[in-house]
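Worksheet: one structure, shown below.
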Amino acid sequence: GLIGVVTDGIVEASYAEGAVTVDDSTGTGTRIGGLIGYYSGTTGSKILKSYATGDVLIKNQGTSFGGLIGATSSSGSGISIDKSYATGSVTFDNFSVGYTAGGDQIGGLVGSSVYTHISNSYATGSVTGDAQVGGLVGKLQQGTISKSYAIGAVVGRSSAGGLVGYVDYAPRVTNSYYDKTILTSMADEGTYGQTTTFLQTQGNLESDWDFATPIWEMNSYPCLAAVSGSCSTAVNYTLSDILTGYTYKGSDYLLTDLWSTANIFDGTDYDTWDLGTDYTFSHSGGLVTGFTDADTYNNISIDVLKSGY
């Protein structure tokens, strides 16, 4: 998505938003990710506060595909991935046509994680592959996962898990979960499965996850407070003449003319929230404070200002 191969070093505050597609049904390409294809490092190498939002679509015979990183490995005591996330789907397209080869080690965050320490990270996209398919990590060999989660649907023919598809050489996974309300009957449900309600309730997590510094905030599901885009809710809208006789108020609208607090947020608990005090709108990184021309706008975010949410 952004970098093919990284050897040693630190990748920090980096991101990729475009889709990654490999379309070669007879090829054997491996290690393909939404941000980095392959990350190999010694002790001290790390990926920090980075993310990928594009879908990863694979049409070849290879292995090791991930929403953030295709594959990681370390020759030392382990590299680290911290405060990072991926939101795009990861799909091995040959899944529905017989699994002629490949399609293994596919994860929402990392396809193949070897001697790697993953912490404070998450993946939300669906994951589809053949074997060793996981919502967060496809194959986890040694290394660790802590304070991380996945909520995307997972489909695999064998060794498929809501959090991790396949484990090797006794890795250690602590305080990490997947949403078993969304994804039922996975092999790792008894170990890592938690309900939507559990994952959306800060009190269930805060004894182990850092909501004080904060590393995490609660925004429906936990989001990463210090990482761009993680705690914003994307909203797309179009102003158009869809009804006969419909007229604009001049040539523009306030966003609050389109929405009230009650229909932006689910539940009556938010009905008393005030625009500008408890939440605000932003567009392409800039605060929206007044009227804007009638048009189609993307990347509108609702940023919650109220503490504790």
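When a residue number appears, it is its place in the shown sequence, counting from 1.
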Verdict with reasoning, Tyr85 to Cys223, per side chain to side chain contact (heavy atoms under 4.5 Å, CB included):
CA-CA 9 Å; Tyr85 69 91; Cys223 60; over 6 Å; no
**Asked** Any side-chain donor paired with an acceptor under 3.5 Å for Thr213 and Asp210?
**Response** yes
* Asked: Side-chain contact, heavy-atom cut-off 4.5 Å: Glu189 with Tyr178?
  -> yes
request  = Please determine, by modelled atom types, if Thr196 and Asp179 share a side-chain donor-acceptor pair under 3.5 angstrom.
outcome  = yes
By side-chain hydrogen bond (donor to acceptor under 3.5 Å, both in side chains), Tyr15 pairs with (sequence neighbours left out) none
(request) Indicate whether any N or O donor in one side chain lies under 3.5 Å from an N or O acceptor in the other, for Asn120 and Trp216. (result) yes
Cluster membership besides Ile10, Ile/Leu/Val/Met/Phe/Trp/Tyr side chains within less than 4.5 angstrom, sorted by chain and number, is none
- Donor + acceptor pair across side chains of Tyr115, Gln142 (<3.5 Å): yes
**Asked** Are Ser64 and Gln105 linked by a side-chain donor-acceptor pair shorter than 3.5 Å?
**Response** yes
Review point. Hey, are Ser89 and Asp55 close enough side-chain-wise for a donor-acceptor pair under 3.5 Å?
Key: yes
Of all heavy-atom pairs linking Ser50 and Leu48, the shortest is OG-O, 3.0 Å
Pair Thr87, Tyr51: side-chain N/O donor-acceptor within cut-off below 3.5 Å = no
(Q) When you compare the side chain of Tyr39 with that of Val11, does any pair of heavy atoms fall below 4.5 Å? (A) yes
Next on the checklist: Are Tyr177 and Phe198, when compared by the centres of their aromatic rings, separated by less than 6.0 Å?
Outcome noted: yes
* **Any side-chain heavy-atom pair of Phe65 and Ile106 under 4.5 Å** => yes
Here the gap from Lys46 atom NZ to Ile79 atom CD1, rounded to the nearest 0.5 Å, amounts to 12.5 Å
Handout entry: Pairwise side-chain contact, Ile81 with Thr116, heavy-atom cut-off 4.5 Å (strictly under)
Key = yes
